[in-house]
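Comments concern the structure below.
Positions are given from 1, in the same order as the sequence printed here. Both backbone and side-chain heavy atoms feed into the values below; hydrogens, waters and symmetry mates do not.
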Amino acid sequence: MAKLAALARLDGVAQAELVAKGEVSAEELLDACVERMAALNPLLNAAPVLDFERARTRPAAPGPFSGVPFLIKDVTPYPGLRWSLGSRLFAGNITDQATPYSERLDEAGLVTVGKSATSEFGMLGSTETLLDGITHNPWELSTSAAGSSGGAAAAVAAGLVPLAHASDGGGSVRIPASVCGLFGFKPSRGRCVSANLGESDFGALVSEHCVSRSVRDSALLLSLTEDRDAGLPPVGYVREPLSRRLRIGTWTRTMTDEEPEPAVRRAYDEAVALCLALGHDVEPISPPVVDGATLGEAFFLFGGAAVAGAVQMVEHLRGKPVAPNELEPFSQALTEVFRRGGSNALTEARRVFADSVERYLSAVREYDAVLTPTLAVVPWRIGHLSPVLPREALMRRMATAVGYTPIQNIVGCPAMSVPLHVSDDGLPIGTHFAAAPGAEALLLGLAYQLEAARPWHDRWAPYSYPRLFDA
């Protein structure tokens with residue numbers, strides 16, 4: 001157990017280095033992952049699909065992450081594994097489809113052992129689906145691991161894998177990272193090669209990347225998956241802390257004009273003080289003037305259009321309607337709102353997005369980065385964002401909680417949640433930073449600075465393998 005716990009404490013770069021030196025074999029890393037999953041996955045429900053035998057038959061490529069166990073979020077296809085999008089509608093869907101993104105992961109040497117849990121179609125900020133059940137937060141089992149990348153975050157926070165694929169359409173990397181005490185980085189729009197999500201307004205919001213325990217794991221994976229033909233300046237592998245002073249703009253009010261809870265405000269104040277201590281200029285500014293309620297309706301109209309498209313495809317293939325119980329109530333409600341609105345509603349939603357982009361960029365143009373809380377509230381209890389709740393209640397609750405992160409997806413800029421704080425109740429609270437489109441290197445350099453100043457690598461959740469099984 002002691003050796004297994006020691007391996008669980010290592011990030012992906014360190015595990016791969018052991019393999020490269022011949023001190024540990026890729027098979028031993030996989031065996032250790034099997035043991036960790038057997039011990040904690042039944043409790044946490046982070047990975048509903050595991051296929052270790054398949055992983056053993058595919059030798060790891062000799063890449064920078066060679067031999068490192070990995071999970072793919074179940075909204076994204078990976079050859080030979082279920083591709084359900086967290087929905088009963090696709091529960092039996094096994095794909096042989098490789099994508100440019102999955103091929104890059106394989107070339108990196110990562111060993112994909114299964115799929116991580118997600119909310120249905122990645123729409124909700126909590127991972128508790130009618131298909132796979134509840135994913136629990138390793139910091140407090142009655143608390144949500146958030147979403148939609150909740151399974152990935154729970155698995156990494158528990159030490160089951162050192163890093164895991166995650167995707168972000170409105171905060172779905174950064175929000176679970178915040179509540180699970182991890183580093184969560186969202187790249188710029190178009191930065192990474194395609195994960196084959198299809199062409200849609202909602203798909204255009206989504207960035208592929210990961211949740212991790214270390215900045216270097218995230219930085220290395222980004223260098224291995226970036227699309228060098230995307231028209232953005234290449235990032236490469238950012239390895240060092242920032243060496244210059246930044247001008248950072250900061251605010252606390254959400255897009256719906258609410259202030260964060262007191263515990264979140266304390267975490268934010270500490271983050272501001274830390275940035276000042278590191279030599280950065282931090283200036284309070286007025287947040288972008290956007291209509292948060294209208295923006296939220298536009299966002300979920302695009303989501304409803306995406307779900308409606310999936311339903312239409314299934315109905316065409318089957319030759320009969322999709323049954324109401326094949327979709328969660330929230331997804332069903334989104335499709336109904338979209339169908340009532342029609343094409344004119346989509347046109348208006350695009351106008352709302354374009355106006356919001358202009359207002360955001362105007363507000364932050366003079367700054368290298370912006371700083372806010374990641375979430376306005378402390379981690380919430382399971383059920384607070386359940387997909388069986390009425391659409392209006394869920395929209396209202398998400399608007400209150402998730403008031404900082406969606407705008408970066410709409411603008412297409414990079415952003416990150418950094419695990420700088422733990423509340424008096426022992427729950428993680430992330431701090432959010434964003435920069436201009438294409439400025440990933442700047443954010444990663446800042447992240448290295450913050451990681452060195454307030455190390456979090458040895459801060460483990462109570463229900464993690466190192467905490468429970470370290471002899």
Side-chain angles (χ1 to χ4, degrees), residues 75 85 87 89-90 119-125 148 167-172 189-190 194 196-207 254-257 287-318 320-324 326-363 385 387 389-400 402-413 437:
V75 293
L85 294 95
S87 176
L89 184 61
F90 296 102
S119 58
E120 187 170 59
F121 300 109
M123 294 292 169
L124 269 178
S148 60
S167 56
D168 192 314
S172 289
R189 179 180 299 128
S194 173
N196 197 33
L197 291 172
E199 297 295 327
S200 70
D201 290 291
F202 189 79
L205 298 173
V206 178
S207 294
T254 69
M255 289 190 299
T256 52
D257 202 31
V289 180
V290 299
D291 184 340
T294 301
L295 195 61
E297 290 289 345
F299 182 91
F300 281 107
L301 186 76
F302 289 150
V307 177
V311 170
Q312 185 178 36
M313 177 193 69
V314 171
E315 290 179 337
H316 175 74
L317 292 172
R318 289 182 181 175
K320 62 179 182 179
V322 165
E326 292 182 277
L327 290 177
E328 293 177 348
F330 182 65
S331 298
Q332 186 70 43
L334 292 181
T335 64
E336 291 169 358
V337 171
F338 163 69
R339 286 167 176 159
R340 287 198 302 266
S343 59
N344 288 339
L346 283 179
T347 300
E348 175 59 18
R350 293 182 188 118
R351 187 200 65 76
V352 169
F353 268 32
D355 180 66
S356 299
V357 169
E358 183 178 333
R359 289 172 181 269
Y360 178 88
L361 292 176
S362 176
L385 295 180
L389 293 174
R391 172 185 175 273
E392 293 74 16
L394 280 172
M395 295 280 286
R396 186 169 58 252
R397 291 180 181 189
M398 284 192 290
T400 296
V402 187
Y404 304 105
T405 58
I407 190 66
Q408 283 79 32
N409 298 82
I410 295 167
V411 176
C413 59

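Annotation: the span from Leu317 atom CG to Gln312 atom CD amounts to 11.0 Å, rounded to 0.5 Å. Once rounded to the nearest 0.5 Å, the distance linking CZ of Phe299 with CG of Asn409 reads 6.5 Å. A distance of 8.0 Å separates OG in Ser200 from CG in Leu205, rounded to the nearest 0.5 Å. Separating the CD1 atom in Ile407 from the CZ atom in Arg359 is a distance of 10.5 Å, to the nearest 0.5 Å. Between atom OG1 of residue Thr256 and atom CZ of residue Arg396 there is a gap of 12.0 Å, rounded to the nearest 0.5 Å. For the atom pair CG (Asp291) and CG (Asp355), the distance works out to 9.5 Å, reported to the nearest 0.5 Å.
At least one side-chain heavy atom of Met255 sits less than 4.5 Å from a side-chain heavy atom of Pro406.
Summarising the local packing, CD of Glu315 is surrounded by more than 12 heavy atoms from other residues, nucleotides or ligands at distances under 6.0 Å.
Across every non-hydrogen atom of Leu385 and Leu124, the tightest pair is O-CD1, 3.6 Å. In this structure, Ile410 and Arg189 approach most closely via the heavy-atom pair O-NH2, 3.0 Å. What you find for Phe202 and Gly122 is that their closest heavy atoms are CZ-O, 4.5 Å. The two residues Glu326 and Arg318 have their closest heavy-atom pair at OE2-NH2, 2.7 Å. Contact record, Ala349 with Leu301: CB-CD2, 4.0 Å, taken as the closest heavy-atom pair. Looking at every heavy atom in both residues, Pro288 comes nearest to Tyr360 through CG-CD1, 3.6 Å.
Of the possible polar contacts, none joining the Glu328 side chain to the Pro387 backbone as a donor-acceptor pair under 3.5 Å is found. The backbone N or O of Glu358 sits nowhere less than 3.5 Å from a side-chain atom of Ser362 that would complete a donor-acceptor pair. Side-chain N or O atoms of Thr254 include none that pairs as donor or acceptor with a backbone N or O of Tyr404 at under 3.5 Å.
Salt-bridge annotation for Glu336 and Arg339: absent, with no side-chain N of the basic residue lying under 4.0 Å from a carboxylate O of the acidic one. Taking a cutoff of 4.0 Å between a charged side-chain nitrogen and a carboxylate oxygen, Arg391 and Glu297 qualify as a salt bridge.
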task: Please report the C-alpha distance between Ser167 and Val75 in whole Å, then the side-chain angles of each, then the deciding distance to 0.1 Å, and finally whether the side chain to side chain contact (heavy atoms under 4.5 Å, CB included) criterion is met.
output: CA-CA 8 Å; Ser167 56; Val75 293; 3.7 Å; yes
message: Go through it in stages, so that I can follow the logic: the residues are Leu394 and Phe300, the test is side chain to side chain contact (heavy atoms under 4.5 Å, CB included), and I'd like the CA-CA distance, side-chain angles, deciding distance and then a yes or no.
response: CA-CA 11 Å; Leu394 280 172; Phe300 281 107; over 6 Å; no
task: Show the numbers, then the answer: is there a side chain to side chain contact (heavy atoms under 4.5 Å, CB included) between Gln408 and Asp168?
output: CA-CA 10 Å; Gln408 283 79 32; Asp168 192 314; over 6 Å; no
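For Phe330 and Phe121, the ring centers sit 6.0 Å or farther from each other.
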